[in-house]
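Working notes for the structure below.
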Amino acid sequence: MDAGKAGQTLKTHCSAQRPDVCRWLSPFILSCCVYFCLWIPEDQPSWVAALVKCLPILGLAGFLWVVCPGGGYSRLLQGALLCSAVGDACLIWPGAFLPGMAAFATTHLLYVWAFGFSPLQPGLLLLIILASGPYLSLVLQHLEPDMGLPVAAYGLILMAMLWRGLARGGSAGWGALLFTLSDGMLAWDTFVQPLPHARLVVMTTYYAAQLLITLSALRSQMAKTD
């Protein structure tokens with residue numbers, strides 16, 4: 001679902017109406033290829049590994065800076081992407097897990113701010129809590145006592161981001177959903193039980209999520225020009 005949805009959205013935007021989209025997305029695409037081709041082992045943390053992991057996200061921030069200059073929505077997405085890059089770099093080193101989680105929590109808060117609260121759709125929030133709450137509770141049971149509060153707070157912020165992304169709809173909704181799936185699998189693999197091919201699935205859905213949320217800035221920009 002992730003690659004297909006991202007590809008379909010990308011094809012839609014790479015039309016005659018916006019021929020610059022694919023050109024300025026090429027750094028993101030190429031850096032993703034570099035990351036998956038090098039596939040630096042997780043037990044070999046280094047600044048090179050951090051840079052290779054962060055480059056796709058920095059490429060998306062650069063894309064917004066060039067293609068969608070100005071506008072509050074675009075600036076909030078850029079800030080979220082830069083916080084994501086900080087989080088990506090921190091998670092290369094196991095000892096920096098909490099700073100990395102804090103950086104991603106800031107990312108989700110910026111996405112919540114960008115997505116806004118109209119339409120509110122409180123029923124959607126209730127559905128997300130009912131679906132995600134038991135999963136979060138199960139993960140919390142496998143944590144050390146000092147990790148319970150930070151992970152619980154992060155989980156609630158992630159639910160809020162999913163709520164506002166789905167309420168906004170379009171590629172932002174799909175991106176929010178994929179981001180949640182990526183984080184959910186990462187949490188299970190890290191705290192509960194190792195999963196086969198977890199890193200591949202986590203990073204594929206993560207990069208696809210960030211791409212889809214980034215492309216939502218084009219929709220916001222076109223809505224303003226209509």
Side-chain angles (χ1 to χ4, degrees), residues 1-42 44-92 100 103-104 106-108 110-111 114-115 165 170-172 174-179 181-183 186 199-222 225:
M1 181 184 69
D2 52 336
K5 187 61 183 178
Q8 181 181 1
T9 305
L10 181 57
K11 183 178 180 181
T12 300
H13 290 301
C14 289
S15 60
Q17 188 179 12
R18 297 303 304 265
D20 52 338
V21 170
C22 280
R23 176 160 55 98
W24 290 110
L25 276 179
S26 58
F28 166 77
I29 297 170
L30 290 173
S31 54
C32 280
C33 292
V34 170
Y35 174 82
F36 287 108
C37 287
L38 291 179
W39 202 243
I40 299 174
E42 292 182 295
Q44 298 178 15
S46 68
W47 285 108
V48 173
L51 178 62
V52 170
K53 187 180 182 183
C54 293
L55 277 177
I57 304 304
L58 295 176
L60 290 177
F63 167 81
L64 288 175
W65 184 71
V66 173
V67 177
C68 301
Y73 186 79
S74 179
R75 285 196 295 268
L76 287 170
L77 295 194
Q78 283 178 284
L81 288 167
L82 292 177
C83 289
S84 294
V86 173
D88 283 330
C90 289
L91 293 184
I92 291 290
F104 275 112
T106 306
T107 292
H108 295 313
L110 288 171
Y111 280 148
F115 296 154
S171 64
W174 285 106
L177 181 59
L178 286 177
F179 212 140
L181 291 174
S182 178
D183 275 3
L186 178 61
R199 182 186 172 193
L200 178 62
V201 177
V202 166
M203 294 308 299
T204 301
T205 51
Y206 168 68
Y207 285 140
Q210 296 280 36
L211 172 61
L212 287 167
I213 294 174
T214 297
L215 290 177
S216 71
L218 300 179
R219 174 187 171 190
S220 177
Q221 187 180 58
M222 285 187 291
T225 57

Of the non-hydrogen atoms in [X] and [Y], which two are nearest, and what is the gap between them?
X    : Y    : result
A85  : I57  : N-CG2, 4.1 Å
S74  : G70  : CB-O, 3.5 Å
L82  : A61  : CD2-CB, 4.3 Å
L77  : S216 : CD1-OG, 4.1 Å
D88  : C54  : CB-SG, 3.8 Å
G175 : A209 : O-CB, 3.2 Å

What's the separation between atom [atom1] in [X] and atom [atom2] in [Y], rounded to the nearest 0.5 Å?
X    : Y    : atom1 : atom2 : value
L91  : E42  : CG    : CD    : 10.0 Å
M203 : F36  : CE    : CZ    : 6.0 Å
L51  : S46  : CG    : OG    : 9.5 Å
R199 : L186 : CZ    : CG    : 11.5 Å
T205 : Q210 : OG1   : CD    : 10.5 Å

I'd like to check [X] versus [Y] (side-chain heavy atoms, cut-off strictly below 4.5 Å). Are they in contact?
X    : Y    : answer
L81  : T107 : no
W174 : L215 : no
C68  : Y73  : no
L218 : V21  : yes
F28  : T214 : no
D183 : Y206 : no
Y207 : K53  : yes
F179 : L212 : no

Is it the case that atom CH2 in W39 sees more than 12 heavy atoms from other parts of the structure closer than 6.0 Å?
yes
Between [X] and [Y], is there a donor-acceptor pair closer than 3.5 Å when you use the side chain of the first and the backbone of the second?
X    : Y    : value
S84  : A80  : yes
S171 : I213 : no
T204 : V201 : no

Counterpart residues, ring pair (Phe, Tyr, Trp, His ring centres under 6.0 Å), relative to F115 (two or more places apart)
Y111
